[in-house]
Amino acid sequence: RMRKMHAQIHEQRNEIRLHNDHLIQEQEAAKNVFDNVAHAGCLDAPNIKKMLSPMAVFNGDVVLAARKPSGGMLVLMGDFTGHGLPAAIGAMPMAEIFYGMTGKGFSMMDILREINQKLKRILPPSVFACACMMDINFRKKTAEVWLGGLPDCLLYRKTGEIELIKSQNLPLGVVDSSSLKEATDLLKMEDGDRFFMWSDGVHEAGNPDGEMFGSERLYEVFRENEQVDALFAEIHASVEAFVGT
């Protein structure tokens with residue numbers, strides 16, 4: 001009986017390993033397709049800094065940026081529910097619509113409505129995208145921000161003053177575009193001001209004791225910062241030290 005049970009466990013382990021390898025191959029294929037659709041855009045611009053740390057081969061976080069024909073810039077961060085292929089299915093049309101419509105000069109709300117309608121049509125009710133989209137006008141030194149479902153964003157003034165921007169909208173893909181709210185924040189910015197956005201992966205990062213990093217620890221990094229150019233790295237290091245990996 002022991003030999004039979006051992007052989008059965010060995011066989012089940014091999015079967016699980018085979019299924020896992022197959023799943024990873026599928027996710028890597030989906031990621032290759034997504035990388036071709038969601039190209040870097042202008043994410044390498046000197047005014048943008050980003051960090052993605054996926055929990056899977058393909059995760060639900062998306063960061064997109066593109067220059068507008070008028071000279072401004074649109075930046076979109078999306079966080080889809082779930083990981084793996086379900087997230088990939090929504091992220092690909094989001095990227096395609098974003099880059100296609102930005103290049104043609106459409107407004108931020110036109111793009112958001114189109115993405116929302118597409119996601120509402122193709123995704124199951126349990127899959128949607130929390131998002132933050134930012135329309136930067138360098139000439140006027142303004143930034144219009146639409147926030148739906150993501151944690152509060154933060155405007156860090158060069159004077160050290162902190163302003164929180166709270167979500168006023170539902171995530172994308174939840175309601176029809178006719179019901180999508182268009183509540184935005186118009187921020188007057190100066191040279192040296194920095195805008196920070198993040199997904200709940202930062203707040204919900206857990207340590208070995210089961211505690212979450214939370215918003216207060218995050219805000220503490222901002223309050224204790226002495227060199228603004230090091231702030232992005234300090235946030236990353238603080239989360240990493242808390243999690244332990």
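All values below come from the heavy atoms of this structure, side chains included, with hydrogens, waters and symmetry mates left out.
Using a 4.5 Å cut-off between side-chain heavy atoms of Ile, Leu, Val, Met, Phe, Trp and Tyr, L170 falls into a hydrophobic cluster with F128, V174, V175. Other cluster members for M5: M2, I9, joined by side-chain heavy-atom distances under 4.5 Å among Ile, Leu, Val, Met, Phe, Trp and Tyr.
Taking the side-chain hydrogen bond (donor to acceptor under 3.5 Å, both in side chains) definition, one finds that E182 meets it with R113, sequence neighbours left out. Residues satisfying the side-chain hydrogen bond (donor to acceptor under 3.5 Å, both in side chains) criterion with D200, sequence neighbours excluded, are absent altogether. Taking K140 as the reference, N137, T142 meet the side chain to side chain contact (heavy atoms under 4.5 Å, CB included) condition, with sequence neighbours excluded. Taking S215 as the reference, nothing meets the side-chain hydrogen bond (donor to acceptor under 3.5 Å, both in side chains) condition, with sequence neighbours excluded. In this view, K4 satisfies the side-chain hydrogen bond (donor to acceptor under 3.5 Å, both in side chains) rule with no residue, not counting sequence neighbours.
Considering every non-hydrogen atom in both N225 and A230, the closest pair reads ND2-C, 4.4 Å. Contact record, D61 with L52: CB-CD2, 3.8 Å, taken as the closest heavy-atom pair. Shortest non-hydrogen contact noted between K181 and W146 is O-NE1, 3.2 Å. Minimum interatomic distance between L150 and C132 (heavy atoms only, all atoms of both residues): CD1-N, 3.5 Å. Scanning both residues, L187 and L155, for their nearest heavy atoms gives CD1-CD2, 4.1 Å. Taking all atoms of both residues into account, the shortest heavy-atom contact from H203 to M212 is O-CB, 3.6 Å.
Residues L123 and V62 fall within the same hydrophobic cluster, defined by Ile, Leu, Val, Met, Phe, Trp and Tyr side chains chained together at heavy-atom separations under 4.5 Å. Linking Ile, Leu, Val, Met, Phe, Trp and Tyr whenever their side-chain heavy atoms come within less than 4.5 Å puts I122 and L172 in one cluster. L186 and M109 fall into different hydrophobic clusters, defined by Ile, Leu, Val, Met, Phe, Trp and Tyr side-chain heavy atoms under 4.5 Å apart, directly or through other members. Linking Ile, Leu, Val, Met, Phe, Trp and Tyr residues whenever their side-chain heavy atoms come within less than 4.5 Å places V228 and W198 in a single cluster.
Under the 3.5 Å distance criterion, the side-chain polar atoms of D176 are left unmatched by any main-chain donor or acceptor of S178.
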Give the intermediate values and the outcome of side-chain contact (heavy atoms from CB on, under 4.5 Å) for residues L180 and N169.
CA-CA 8 Å; L180 186 70; N169 306 280; 5.7 Å; no
Go through L154 and L164 one step at a time and tell me if the side-chain contact (heavy atoms from CB on, under 4.5 Å) criterion holds.
CA-CA 5 Å; L154 187 147; L164 290 180; 3.9 Å; yes
Criterion side-chain contact (heavy atoms from CB on, under 4.5 Å) on L112 and N116, from CA distance to verdict:
CA-CA 6 Å; L112 283 169; N116 178 78; over 6 Å; no
The test is side-chain contact (heavy atoms from CB on, under 4.5 Å); show your working for I235 and M51 and say whether it passes.
CA-CA 11 Å; I235 295 171; M51 195 277 287; over 6 Å; no
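Between E220 and R223 there is a salt bridge, with a side-chain nitrogen of the basic residue lying less than 4.0 Å from a carboxylate oxygen of the acidic one. A salt bridge is absent between K166 and D185: the closest approach of a Lys/Arg side-chain nitrogen to an acidic carboxylate oxygen does not fall below 4.0 angstrom. K158 and D193 are not joined by a salt bridge, as no carboxylate oxygen comes within less than 4.0 angstrom of a charged side-chain nitrogen.
Atom CZ of F195 is separated from atom CZ of R157 by 11.0 Å, given to the nearest 0.5 angstrom. To the nearest 0.5 Å, atom CD1 of residue I136 and atom CE of residue M189 are 7.5 Å apart. Rounding to the nearest 0.5 Å gives a distance of 13.5 Å between CZ of R1 and CD of Q8. Here the CD1 atom belonging to I24 is positioned 4.0 Å from the CG atom belonging to N20, to the nearest 0.5 angstrom. Put simply, CG on D152 and CG on L218 are 10.5 Å apart, with the number rounded to the nearest 0.5 Å. Atoms CE and CD, from M108 and E144 in turn, are 4.0 Å apart once rounded to the nearest 0.5 Å.
Proximity of V145 to M197: side-chain heavy atoms (C-beta onward) are nowhere separated by under 4.5 Å.
For residues 227-243, the pairs satisfying salt bridge (Lys or Arg N to Asp or Glu O under 4.0 Å) are R194-D229, with sequence neighbours left out. Within the structure, side-chain hydrogen bond (donor to acceptor under 3.5 Å, both in side chains) contacts touching residues 118-130 (residues at least two apart or in different chains) do not occur. Identified under the ring-ring contact (aromatic ring centres under 6.0 Å, His included) test for residues 215-245, with sequence neighbours left out: Y156-F222, F196-F222, F213-F242. Listed by first then second residue, pairs satisfying salt bridge (Lys or Arg N to Asp or Glu O under 4.0 Å) with a partner in residues 10-23 number zero, not counting sequence neighbours.
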Let me have the donor-acceptor pairs involving side chains of residues 67-80, under 3.5 Å, with sequence neighbours excluded, atom names and distances please.
unit_1: K68; atom_1: NZ; unit_2: D135; atom_2: OD1; d: 2.9
unit_1: K68; atom_1: NZ; unit_2: D135; atom_2: OD2; d: 3.2

